[in-house]
Amino acid sequence: MSSETDIILFAVFSVTIVIIGLFSFFVIMMIRSHRKIEIAQQERIRQMQLFSEKLQAVREEEQKRIARELHDELGGALTGMKYSIHWLANHSSKRGEVPKRYAALKELIDATTKSIQRISADLRPKILDTLGLTAAVEWHVDEFKKRTGIDAQFHELTKLPSFDEAVTTGVYRIIQEALTNVARHAQAASVQVTIQIQNGSLHAEVADNGKGFD
């Protein structure tokens, strides 16, 4: 009887050991599998981030090129047309409709030049590359105030160091998009734009007194 009991206990013990072993093996394999999936996901996220950064850099470079061509080439052509119109006006009949037509053409050229300057600046303001982030944001806030009538104020709470082009462009685009959303959706009367360095990190804030959202 004792021998049969020992055999049964041994069998139960052996089965238990096998089950625990199989369970442990299964758990280890699941952990390894999850770890591999996590690493693969992290790698995909990293690749997507790199692709996004490259795509953004290419887009910024293309916008810079278009802005430069609009400002330099088309703007220069319009300036030449303006001086030609001015010369023709001074050497043409001063009577009838001629002076009015020249004046209308001059106004049209001036309006077109301003539109090109605005489009060029929206694509890539030169001040961003020449004077840096602070000057570019301050200029954009002033232009935003003129265009929308919203009381926009800019505050640089701490002196900003020089940043590389990617950071400068990224922060400028974020503030630009935030102000665009304020104009389109917030129904605000005023907006405050603040940039500063806190604990070694760059902080940018756009706060308005308009309606919020859930």
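Any value given below was found using the heavy atoms of this structure, including those in side chains, with hydrogens, waters and symmetry copies removed.
- Of all non-hydrogen atoms in I66 and L123, the two that sit nearest each other are CG2-CD1, 3.6 Å.
- The salt bridge (charged side-chain N to carboxylate O under 4.0 Å, His left out) check on R173 picks up E60, with sequence neighbours excluded.
- E38 contributes atom CD, which lies 14.0 Å from atom NZ of K36 (distance to the nearest 0.5 angstrom).
- Closest approach of A188 to I150, counting heavy atoms only: O-CG1, 3.7 Å.
- Hydrophobic clustering of Ile, Leu, Val, Met, Phe, Trp and Tyr side chains at less than 4.5 Å, counting indirect connections, unites V167 with L128.
- Annotation for R147: atom CZ counts as buried by contact number, over 12 foreign heavy atoms lying within 6.0 Å.
- Residue Y102 comes nearest to I85 through the heavy atom pair O-CG2, 3.8 Å, listed as atom of the first residue, atom of the second, then distance.
- Put simply, the side chain of D151 reaches to within 4.5 Å of the side chain of K145, judged on heavy atoms.
- From E205, atom CD reaches atom CD1 of I175 across 10.5 Å, with rounding to the nearest 0.5 Å.
- For T158 (side chain) and Q196 (main-chain N/O), no donor-acceptor pair under 3.5 Å exists by modelled atom type.
- At least one donor-acceptor pair closer than 3.5 Å links the side chain of E156 to the backbone N or O of L160.
- Between atom NZ of residue K82 and atom CG of residue L105 there is a gap of 13.0 Å, rounded to the nearest 0.5 Å.
- When all heavy atoms of I127 and A136 are compared, the closest pair comes out as CG2-CA, 3.7 Å.
- To the nearest 0.5 Å, the span separating CD on Q153 from OG1 on T194 amounts to 10.5 Å.
- Remark: side-chain polar atoms of T169 are paired, donor with acceptor, to backbone N or O of E165 under 3.5 angstrom.
- Taking 4.0 Å as the cut-off between side-chain N and carboxylate O, K114 and D110 do not count as a salt-bridged pair.
- No side-chain heavy atom of V171 sits under 4.5 Å from any side-chain heavy atom of V137.
- Smallest separation of non-hydrogen atoms from A135 and L131: CB-CB, 3.7 Å.
- The distance from the CE atom of M81 to the CG atom of L88 is 11.0 Å, given to the nearest 0.5 Å.
- Closest approach of D122 to Q176, counting heavy atoms only: O-NE2, 3.4 Å.
- Looking at heavy atoms from C-beta onward, F154 lies in side-chain contact with I195 at the 4.5 angstrom threshold.
- Side chain of N209 to main chain of A189: a donor-acceptor pair is present (N/O by atom type, distance under 3.5 Å, no hydrogens or angles).
- Other residues, nucleotides and ligands contribute at most 12 non-hydrogen atoms within 6.0 Å of the NE2 atom of H86.
- Taking 4.5 Å as the limit, some side-chain heavy atom of V191 sits within range of a side-chain heavy atom of F144.
- Follow the hydrophobic side-chain contacts under 4.5 Å out from L157 and you never reach V141; the two are in separate clusters.
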